[in-house]
Number of protein chains: 2
Amino acid sequence: MDDFKANAKVFKAFCDENRLRIVSLLKGGEQCACVLLDELEICQSTLSHHMKILCDSGVVVGRKEGKWIYYSISQEGSQFALRTLRELTTVTLTGNQKNISRCCE
Amino acid sequence: MDDFKANAKVFKAFCDENRLRIVSLLKGGEQCACVLLDELEICQSTLSHHMKILCDSGVVVGRKEGKWIYYSISQEGSQFALRTLRELTTVTLTGNQKNISRCCE
DNA sequence: ACTACATATTGACAAATGTCGATGTGATTT
DNA sequence: AAATCACATCGACATTTGTCAATATGTAGT
């Protein structure tokens, strides 16, 4: 039941500035790594590092074609992230639970 | 237009295991910090550190009452996070754009 | 085979992060 | 006023993270 560690990994995809830029570039559809590299001001090995994290999180998928790799946003992955975030932040007050709980009593 | 850095900060709230546990504990409603401390296996200063990050991200709000601080999930904050995540991961293919873009040509 | 190209991996490093113990601060109680 | 409680801040430390340069791997073209 240690989803927490696993879910934290998913959200790690989104907690870096450059990874957000990458995801944002993929909004327009599949993009080759070299295009991403052109748009961002990071070196190639750094991009590769970020793409690994994004793919590991499930939010992005890569498709190899010859020399190139085309990355795109995974519908399943991003919907999982969305669902997880919603479940995590939705307050569920049960009937017998007071809105304000007194502590240390 | 550097939303990226700001948004990364929001998602940082969710990229740590213990912070996910804290948010999860707040799903049931407002909780005093000392209750959170009881549930988690971290020391008080560490909890305080995490609460600061959660509050700074806007996902959690604290309400002071006497000696205690009651934390709860912010509806505005978490909905902002949800909306941002959705906007970030929604693929928007424009009409004249091919699904597969050839690169390096 | 050789070269050029696209991406991954490695090693190194500075910066950020999570953690704790100790101490500070502010409120309540005695 | 003194003691106690709840929480924040500080200092120290180990770990993780983001970054780059250099090198490796794998593919395509000559």
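Naming convention: chains lettered A, B, ... in sequence-line order (proteins, then strands); numbering from 1 in each chain.
- Under the 4.0 Å criterion applied to side-chain N and carboxylate O atoms, A:Arg83 and A:Glu87 are not assigned as salt-bridge partners.
- The side chain of A:Cys43 sits closest to D:dC20 out of D:dC20, C:dT7, C:dT19.
- Spacing between atom NZ of A:Lys64 and atom C1' of C:dC5 amounts to 13 Å, rounded to whole angstrom units.
- Comparing D:dC7, C:dT7, C:dA8 by their nearest atom to the side chain of A:Ser48 picks out C:dA8.
- Picking from D:dA8, C:dT19, C:dT7 the nucleotide with the shortest atom distance to the side chain of A:Ala33 gives C:dT7.
- Remark: the backbone N or O of A:Ala13 is paired with a side-chain donor or acceptor of A:Arg19 at under 3.5 angstrom.
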task: Might you work through the side chain to side chain contact (heavy atoms under 4.5 Å, CB included) test for B:Phe80 and B:Val10, ending with a clear yes or no?
output: CA-CA 9 Å; B:Phe80 175 81; B:Val10 173; 3.9 Å; yes
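- The separation between B:Ile22 atom CD1 and C:dT19 atom C1' is 13 Å, rounded to whole Å.
- Side chain of A:Lys67, nearest nucleotide from C:dA8, D:dA28, D:dG18: D:dA28.
- A:Lys12 comes within 4.0 angstrom of the backbone, heavy atoms only, and of no base.
- When all heavy atoms are compared, the tightest approach of B:Ile22 to B:Leu36 is CG2-CD1, 4.2 Å.
- Taking atom CH2 of B:Trp68 as the reference point, atom C1' of D:dA8 lies 18 Å away to the nearest angstrom.
- Taking every side-chain heavy atom of B:His49 into account, C:dG18 is the closest of D:dA8, D:dG26, C:dG18.
- Contact annotation: B:Thr46 side-chain N/O to C:dT19 OP1/OP2 distance is not under 4.0 Å.
- Listed nucleotides C:dT9, D:dG18, C:dG18 differ in distance to A:Asp16; the shortest reach to its side chain belongs to D:dG18.
- The separation between B:Asp38 atom CG and D:dC7 atom P is 11 Å, rounded to whole Å.
- One interatomic measurement links the two molecules: CG of A:Leu47 to C1' of D:dG18, which rounds to 13 Å at whole-angstrom precision.
- With hydrogens and angles disregarded, no donor-acceptor distance shorter than 3.5 Å links the side chain of B:Ser24 to the backbone of B:Leu20.
- Annotation: of the two residues near DNA chain D, A:Gly66 and A:Ile53, the 5′-most nearest-nucleotide partner is A:Ile53.
- Across the protein-nucleic acid pair, B:Gln31 atom CD and D:dA6 atom P stand 15 Å apart, rounded to whole Å.
- Look at CG on A:Leu36: it is 11 Å from P on C:dA8, rounded to the nearest Å.
- The base of C:dA8 has none of its N or O atoms less than 3.5 Å from a complementary donor or acceptor on the side chain of A:Ser45.
- Following rounding to the nearest Å, A:Ile69 (CD1) and C:dC5 (C1') show an atom-to-atom distance of 13 Å.
- Looking at B:Gln44, its side chain has no donor and acceptor atom pair within 3.5 Å of the base of D:dA6.
- Heavy atoms of B:Ile42 sit under 4.0 angstrom from primed sugar atoms or phosphate atoms, though from no base atom.
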